Amino acid sequence: MRRLTLRQFRIFEAVARHLSFTRAAEELHLSQPAVSMQVRGIEKILGLPLTEQLGKKVFLTEAGREVLYASRSITARLDDLQANLAQLRGMDSGLLDIAVTTTVSAVATNILASFRGKHPKVSIHLDVSNRESVLGQLAGNHIDLAIMGQVPEGLDLEATRFMDNPLVVIAPPDHALARKKKVAIIHLASEPFLVREAGSGTRGAMERFFADKGLELRTSMEMSSNEAIKQAVQARLGLGILSLQTLEQELALKRLAVLKVEGFPIMRHWYIVHRTDKRLSPLAQAFKEFVLGQAQPATWSPTY
Ligand code: PGA
């Protein structure tokens, strides 16, 4: 069976709208016989007349009305498709799917806010979870881009470093070690620590640091948020090791103190990451470049 073509639908839609072969031909820049031929072609395929001529007037038959209805929904779908694809190509609308690790979320939110200032129509999905979960989302190809700490080797990920992330030891301001100008690492071995949950990059870095120095890490409690750790340190449940970028307020209000421990800060870095095989949309590419444009060599000062 021969199939109707999109061209035939478009031509018939014009004839039915104008109820005139001549005006449809004018609109489509075709000759009138060419338009009639196309309509006869449809009638031949369907085996039913679509129009009838009474005097000089053209009327649609019942089959003609059915074909008109189908033509309109097909052309509307195609127009939608074209508009959606234009949005995908363009950068001023469309969707950006991003995942960031808990610790970088404050930095990432600021970057997103200034990006959105430049592209106000863009929709953004932001997932905030720990390192292991963000790696899972990259592996499952659920997101365009991630912002996180260093990625493990051997995964097909492209990671570009753009900012420092210093980890420091925190204590209540009246802790005995807070008064010392220099704290020897060995003191850490006798202090209980509050640690993030397994899967957190901060926790991984902390454990590596203790292992490298041959020190035992005494954990008093495990918590799944930086905020909870800060509160627990203030409540004297132990010391903590967190990114300096999460401590701005507590340090300014002197609710927490950074200990001047030798070997600190543990200098980690933030990366913008995507799958190597990912074809970034122009929007995702623009966001990546924007993030890299925010590159700051050091976001901490040693004067805490
Ligand atoms: P997290 O972040 O401790 O919140 O998982 C750090 C990282 O990305 O490595």
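These figures come from a predicted structure and were not determined experimentally. Indexing begins at 1, ligand by ligand and atom by atom, following the structure's order.
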Original post:
Are any of the N/O atoms in Gly149 less than 3.5 Å from those in ligand 1?
Top reply: yes
Original post:
Between Tyr271 and ligand 1, which residue portion shows a heavy-atom distance shorter than 4.0 Å: side chain, backbone, both, or neither?
Top reply: neither
**OP:** Applying side chain to side chain contact (heavy atoms under 4.5 Å, CB included), run through Glu250 and Lys230 and close with a yes or a no.
**Re:** CA-CA 8 Å; Glu250 288 76 9; Lys230 289 191 279 185; 3.2 Å; yes
Original post:
Counting N and O atoms only, with roles assigned by atom type, does the side chain of Thr51 sit under 3.5 Å from a partner on the main chain of Leu60, one being a donor and the other an acceptor?
Top reply: no
**OP:** Decide whether an N or O pair under 3.5 Å exists between Ser200 and ligand 1.
**Re:** yes
**OP:** Indicate yes or no: does Arg17 engage Glu13 in a salt bridge with an N to O separation below 4.0 Å.
**Re:** yes
**OP:** For the residue pair Asn130 and Arg196, confirm or rule out a side-chain donor-acceptor distance under 3.5 Å.
**Re:** no
**OP:** Please could you name the atoms of ligand 1 that Thr102 approaches to less than 4.0 Å, counting only its heavy atoms?
**Re:** 4 (O)
Subject >> Identity and distance of the protein heavy atom lying nearest atom 4 (O) of ligand 1 >> reply: Thr103 OG1, 2.9 Å
**OP:** May I ask you to say whether Arg236 pairs ionically with Asp174, meaning some side-chain N is under 4.0 Å from a carboxylate O?
**Re:** yes
Original post:
Do ligand 1 and Arg131 have nitrogen or oxygen atoms that lie under 3.5 Å from each other?
Top reply: yes
Original post:
Is a side-chain N or O of Glu43 found less than 3.5 angstrom from the main chain of Leu50, in a donor-acceptor match?
Top reply: yes
**OP:** Could you tell me the residue and atom name of the protein heavy atom closest to atom 6 (C) of ligand 1, and the distance to it rounded to 0.1 Å?
**Re:** Arg268 NH1, 3.6 Å
Original post:
So is Met148 polar-close to ligand 1, meaning N/O to N/O under 3.5 Å?
Top reply: no
Original post:
Of the backbone atoms (N, CA, C, O) and the side-chain heavy atoms from C-beta on, which set of Arg196 has a member under 4.0 Å from an atom of ligand 1: side chain, backbone, both, or neither?
Top reply: side chain
Original post:
Near Thr202, which atoms of ligand 1 are under 4.0 Å from a heavy atom of that residue?
Top reply: 1 (P), 3 (O), 6 (C)
**OP:** Please could you name the atoms of ligand 1 that Asn130 approaches to less than 4.0 Å, counting only its heavy atoms?
**Re:** 5 (O)
Subject >> Side-chain ion pair, Lys288 and Glu158, N-O less than 4.0 Å >> reply: yes
Subject >> Parallel, tilted or perpendicular: rings of His119 and Phe115 (30°, 60°) >> reply: tilted
